[in-house]
Amino acid sequence: MKRHYWLMKSEPDVFGYEHLVAAPGQSELWDGVRNYQARNLMREMKVGDRALFYHSSTRPPHVFGVMEIVREAVPDPTQFDPESSHYDPGSDPDDPRWWAVTVRALAPLKKIVSLDDLKANPKLADMRIVQRNQRLSIQPATRAEFDEVIRMGGGLAKP
DNA sequence: GCCAACGTTGGC
DNA sequence: GCCAACGTTGGC
């Protein structure tokens, strides 16, 4: 089975890498995605896939660490929760609209890799994140891109 | 806080 | 099915 690579964005105030590391059992449902393209990509994810964890709305925005997909997409429960800010009254429980994978922290990078660093590396020119305002919160990456970002971050710190 | 990009909605 | 209005994202 071929492993795939991804980049997943979150605002650290809402859900950052530290939350993930501190989470019970160190795994967490990646809920709240309300974009069809991102949803479709998440449904392609397989157990064992790896993802770069990107912190947005920070100065500078940056890649912080690496996650592993530990469970394939299941219906996102927040879409059926009227109390949730992600509540979607239009979603049919028999045919849920929104799905979420479960992720686990693998390790932080030894040093963060900023968006400017990503943009400055010609090897990463095809990554969506470095292209003009590509806001998609879940993006595919190649293994070469994934490895390059980790190399730029000085490798993975021991958890 | 601003605003460009861009996805979604809804009138026609 | 078009497209203007609107809302959100996210870098700056």
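Note: hydrogens, waters and symmetry copies are ignored here, and every other heavy atom, side chains too, is used. Numbered from 1 within each chain, the chains take letters A, B, ... in sequence-line order.
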- Query: Please give, in whole Å, the distance from B:dA5 P to A:I129 CD1?
  - Reply: 17 Å
- Can A:S91 and A:Q79 be counted as having a side-chain donor-acceptor contact under 3.5 angstrom? yes
- Message: Less than 4.0 angstrom between a side-chain N/O of A:Y54 and OP1 or OP2 of C:dG11, yes or no?
- Response: yes
- Item | For atom CG of A:L41 and atom C1' of B:dG7, their distance in whole Å | 15 Å
- Message: What is the distance, to the nearest angstrom, from the CD1 atom on A:I138 to the P atom on B:dG7?
- Response: 15 Å
- Query: When you check the phosphate oxygens OP1 and OP2 of C:dC12, does a side-chain N or O of A:K119 lie under 4.0 Å from one of them?
  - Reply: yes
- Query: Should we count CZ of A:R71 as having more than 12 external heavy atoms under 6.0 Å?
  - Reply: no
- Rounded to the nearest 0.5 Å, the CD atom of A:E145 sits from the CZ atom of A:R128 at a distance of 12.0 Å
- Length of the line joining A:D13:CG and C:dG10:P, which is rounded to integer Å: 14 Å
- Query: Starting at CG of A:L136 and ending at P of C:dT8, how long is that distance when rounded to a whole Å?
  - Reply: 18 Å
- Query: In whole angstroms, how far is the C1' atom of C:dT8 from the NZ atom of A:K9?
  - Reply: 12 Å
- Whole angstrom is fine here: how far is it from CZ in A:R135 over to P in B:dG7? 7 Å
- Sorted by position of nearest nucleotide on DNA chain B, 5' first, the leading residue of A:Y36 and A:R59 is A:R59
- Polar side chain donor-acceptor pair, A:R59 to A:S114, under 3.5 angstrom: no
- Query: Taking CE from A:M8 and P from C:dG10, how many angstroms apart are they, rounded to a whole number?
  - Reply: 13 Å
- Message: Checking contacts here: which listed nucleotide (B:dG7, C:dG10, C:dC12) is nearest the side-chain heavy atoms of A:S57?
- Response: C:dG10
